[in-house]
Each structure stands twice: as structure tokens, then as C-alpha cells.
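Here the structure is a predicted model, which means the values were calculated and not measured.
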Amino acid sequence: MLQSGGLMPDVKVRELVKFACDVHPRGYDVDDVLKTAGITELADRMVDKLSGGQEQRVRFALATAGDSELIVLDEPTTGMDVTARQAFWAVMRAQVDAGRTVLFATHYLEEADAIADRVLVVDRGRLIADGTAAEIKARAGLRKISFELRPDDDTDRRLLSNLPEVTLLDVSGHTVRISSRDADATVAAIYRAGFYPHDLEVAGVGLEQAFLAITGEQDAEDQSAVLDGSTGKESVR
């Protein structure tokens, strides 16, 4: 399933999907494919008259027009609304439950976090992490801390920027959100600084925050290697 392109103009949706079913070695019935992709109501519409989200669903139909052992998807939910996206992944889960392998590339990391059994993190053409979503997030070693400050808290909020082990700080009104490499040390420092947080929550980071942390570490290693090279030192890792 392509991210864009790949659709013939001047044909109806049914004609294009039926063609895909007919040429597949183990093609499905065209009406079943249209129904599964949620495009039955688009069957008689011209392909070049579709919206971006509708085009994605047609590409989805083409990718699942027959019984394939491997389904490859490139940014599959681009342009889809929330309902279409949920329906799409429900069908993909059914494909996996039927014994098929689904390989997809996405910039929607929350989808990879929720859907994928295995995640590969690629940064500038290099594979820098490989594992389950939980393993990738654990490798980042970060925790999320969030809390509310009292409206009358007169403690200097600039102290928040000096908390230990903090990699990301966001203060919006009275709400504070922190990413920390050591949540215990950061929380202890919050109280030592004189803050009295309400609704304090500590949780693991999402895959997006883990991705930023891992790629940031890689960038730091690359920069260190460059500096070692410029000073004639040999860097061994």
C-alpha cells in the first residue's frame, strides 16, 4: 500500500479494485474487498474524484485484494479521519490474527506504540533500535512527571528549569509536564525547591518521547565521534 500515487485515473473504484482481485493469484471477491475497506459507497465513483482519505482506503483495498502472506504499508493512514483510521487498524489486526505479516512505516508513533508487535527505529538511514514498543521505551530510560501548581504558589518557577535529570520541561499555566531520566531524583528536588504539587503523576513515556531520546543520544555519539576525529583521537565503541 503506497503513501501516494499508484491509482489509475478515468476508471471507477469498483473497476480498479476488481482488476486487483482478478490479477491476484488468490484474489478475493470484489464486493468483500470493498466492504472490508469501507468503500462500498464509493464503488461507482471515478477514482480521480476522491478525497485524500478516500484514496487511501482505495489503496488499502488494492493491498488486500487477495490472500497475501505479507502486507507492506507505507504511511497507511495518512489523510484518514479518526473513524477510518480505527477501522483500518481493526482490519489489519484481523489480518495478523489470520497468520499474515504486516509491515508498515509510519510517522504516527502512537500507532506504532499501540499496534506493532515489533518496532524498528530508523534515523537518517540507520537502524538504531529494534524491539517491542515496551523495550524501546525502556531503553530511553525516561519517565513522565506531571502535576498542578497552586495558583498562589509564589515559589520562583525558574527553579523548575534547574531540576536534576530533566530532559524536557513544559509549563502551561499551572500545569507542569516533565520528562526525566530519574523520576525519583526529580520529584525529590521538586519538594526541596519549595513546590507543593497537586495531582502528581509519574508514568512511562510514549514511543514518540522515546524516539526523541534515542535519536538525541545517537546525535550526541555522532558529534563525539566527529570531535574525536578532529583532535586525532581514536574513538572505540
Side-chain angles (χ1 to χ4, degrees), residues 1-9 11-21 23-43 45-125 127-134 136-137 206-212 215:
M1 178 177 173
L2 301 177
Q3 180 181 358
S4 61
L7 298 180
M8 296 172 59
V11 296
K12 294 181 179 180
V13 170
R14 171 184 287 277
E15 293 171 333
L16 183 58
V17 176
K18 185 176 187 304
F19 172 74
C21 294
V23 299
H24 195 289
R26 299 186 298 275
Y28 295 138
D29 177 78
V30 61
D31 290 321
D32 292 339
V33 175
L34 292 170
K35 181 178 180 181
T36 298
I39 56 174
T40 300
E41 74 280 3
L42 303 176
R45 188 175 301 184
M46 301 299 291
V47 170
D48 51 2
K49 300 298 182 182
L50 301 175
S51 68
Q54 291 169 340
E55 287 181 350
Q56 280 299 89
R57 285 189 280 166
V58 171
R59 294 186 185 97
F60 168 46
L62 299 178
T64 57
D67 183 4
S68 303
E69 295 181 3
L70 172 65
I71 301 173
V72 181
L73 313 168
D74 181 18
E75 301 287 349
T77 58
T78 299
M80 290 186 185
D81 60 29
V82 174
T83 301
R85 188 178 298 126
Q86 291 177 342
F88 172 85
W89 286 119
V91 173
M92 286 297 99
R93 289 190 187 96
Q95 295 284 342
V96 173
D97 291 342
R100 301 177 181 90
T101 298
V102 177
L103 172 65
F104 68 95
T106 182
H107 285 90
Y108 296 133
L109 297 188
E110 66 274 12
E111 289 188 338
D113 198 352
I115 302 297
D117 296 319
R118 178 182 176 188
V119 176
L120 288 82
V121 178
V122 178
D123 180 36
R124 290 176 293 184
L127 178 65
I128 61 173
D130 180 358
T132 65
I136 299 296
K137 289 183 286 187
L207 194 58
E208 181 172 343
Q209 290 84 2
F211 172 85
L212 293 173
T215 54

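A heavy-atom distance below 4.5 Å is found between the side chains of His24 and Ser68. Two residues are said to be in side-chain contact when any heavy atoms from C-beta on lie closer than 4.5 Å; Met1 and Thr64 fail this criterion. Looking at heavy atoms from C-beta onward, Gln54 lies out of side-chain contact with Val13 at the 4.5 angstrom threshold. In this structure, the side chains of Asp130 and Arg118 come closer than 4.5 Å at one or more pairs of heavy atoms. Contact check for Arg100 versus Asp67: side-chain heavy atoms found under the 4.5 Å cut-off.
Judged as a salt bridge (charged side-chain N to carboxylate O under 4.0 Å, His left out), the pairs with a partner in residues 74-90 (not counting sequence neighbours) are, in order, Arg85-Glu111. Residue pairs meeting the ring pair (Phe, Tyr, Trp, His ring centres under 6.0 Å) criterion with at least one partner in residues 61-115, sequence neighbours excluded, are Phe60-Phe88, Trp89-Phe104.
For Gln56 against Thr77, the heavy-atom pair with the smallest separation is NE2-N, 4.3 Å.
Sparse packing is recorded around CZ of Phe19, with 12 or fewer heavy atoms of other residues, nucleotides or ligands lying under 6.0 Å away. Counting non-hydrogen atoms of neighbouring residues, nucleotides and ligands closer than 6.0 angstrom, the CG atom of Asp97 exceeds 12 such neighbours.
Between the Arg45 side chain and the Leu50 main chain, no donor and acceptor come within less than 3.5 Å of each other. Glu69 places no side-chain N or O within 3.5 Å of a backbone atom of Thr101 that could act as its donor or acceptor partner.
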> Please walk me through it: do Arg14 and Asp31 pass side chain to side chain contact (heavy atoms under 4.5 Å, CB included)?
Replying inline: CA-CA 8 Å; Arg14 171 184 287 277; Asp31 290 321; 2.8 Å; yes

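Not counting sequence neighbours, the partners of Leu7 by the side-chain contact (heavy atoms from CB on, under 4.5 Å) test are Leu16, Val47, Glu55, Val58, Arg59, Leu62.
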